[in-house]
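The figures that follow rest on heavy atoms only: side chains count, while hydrogens, waters and symmetry mates do not.
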Amino acid sequence: MRDASSFRGSCGAGALSDPAPESEEKLADRRRRYLVLGDGQMYRVVLAGSGESVGSVGFWARQWRGGTVWEVGWGVLPEFQGRGLARAARDTAEHRYLHAFPKEDNGPSNSVCRRAGFTLLGPVDIEYPKGHRITSNGWRVDLESVRKPG
């Protein structure tokens, strides 16, 4: 996701994780943060056949409850939602457990967690973005239990 136009296409308004449109300034700031994630990586979700960017998924380390967990976050453009793209992206993770922390009132992202085999841990207080406390639902999936052999 090194070029700005691909980034805009993968983070458009209506993605599951942030339904409000972003200003060019906020989008540029988010892109800068993604380019220096450190212990993590962002990926474009590309539609097979056309190469069209339809969303993004990221994996990164988060300090939580006294340890390091691997968090996943995603956004899929509205016209491509409901096709299992976020669930398929989950299977690209290289860790045994993944965590997700969608806001409590983010119905679509909480639904994706449920359909993708995550277990609801309950409400949690997290920092997102940095310096801002929010109440989210904590979800965890054991990837060994949901991956298909082969």
Residues two or more places apart in sequence or in another chain: which of them pass side chain to side chain contact (heavy atoms under 4.5 Å, CB included) with [X]?
X      : result
Thr119 : none
Phe80  : Leu47, Glu52, Val54, Val76, Leu77, Arg83, Leu85
Ile134 : Lys103, Ile126, Tyr128, His132, Ser136

For this session: Mind checking salt bridge (charged side-chain N to carboxylate O under 4.0 Å, His left out) for Arg133 and listing every partner two or more places apart, or none if nothing turns up?
Result: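 With neighbours one apart ignored, the set is Asp125.
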
Exercise. Excluding sequence neighbours, so at least two apart, what forms salt bridge (charged side-chain N to carboxylate O under 4.0 Å, His left out) with Glu144?
Worked result: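 Glu144: salt bridge (charged side-chain N to carboxylate O under 4.0 Å, His left out) contacts with Arg96.
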
By side-chain hydrogen bond (donor to acceptor under 3.5 Å, both in side chains), which residues pair with [X], not counting sequence neighbours?
X      : value
Asn110 : Asn137, Trp139
Ser50  : none
Ser111 : Arg115

Looking only at heavy atoms, which two atoms of [X] and [Y] are closest? And how far apart?
X      : Y      : answer
Trp60  : Gly73  : CH2-N, 3.6 Å
His99  : Phe118 : C-CE2, 4.2 Å
Gly138 : Val124 : N-CG2, 3.9 Å

Exercise. Side chain to side chain contact (heavy atoms under 4.5 Å, CB included) between Leu98 and Arg140: does it pass, once the steps are laid out?
Worked result: CA-CA 6 Å; Leu98 281 181; Arg140 185 181 90 155; over 6 Å; no

Exercise. So which pairs with a foot in residues 54-69 pass salt bridge (Lys or Arg N to Asp or Glu O under 4.0 Å), sequence neighbours left out?
Worked result: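 Sorted result for residues 54-69: Arg62-Glu71.
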
Heavy-atom check, side chain of [X] versus side chain of [Y], under 4.5 Å:
X     : Y     : answer
Val72 : Trp70 : no
Val45 : Trp74 : no
Tyr97 : Val69 : no

Exercise. If only atom types and distance count, is the side chain of Ser109 paired as donor or acceptor with the main-chain N or O of Asn106 below 3.5 Å?
Worked result: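 Not a single qualifying donor-acceptor pair exists.
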
For this session: Find the distance between CZ (Phe101) and OG1 (Thr135) and round it off to the nearest 0.5 Å.
Result: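 Separation between the atoms: 13.0 Å.
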
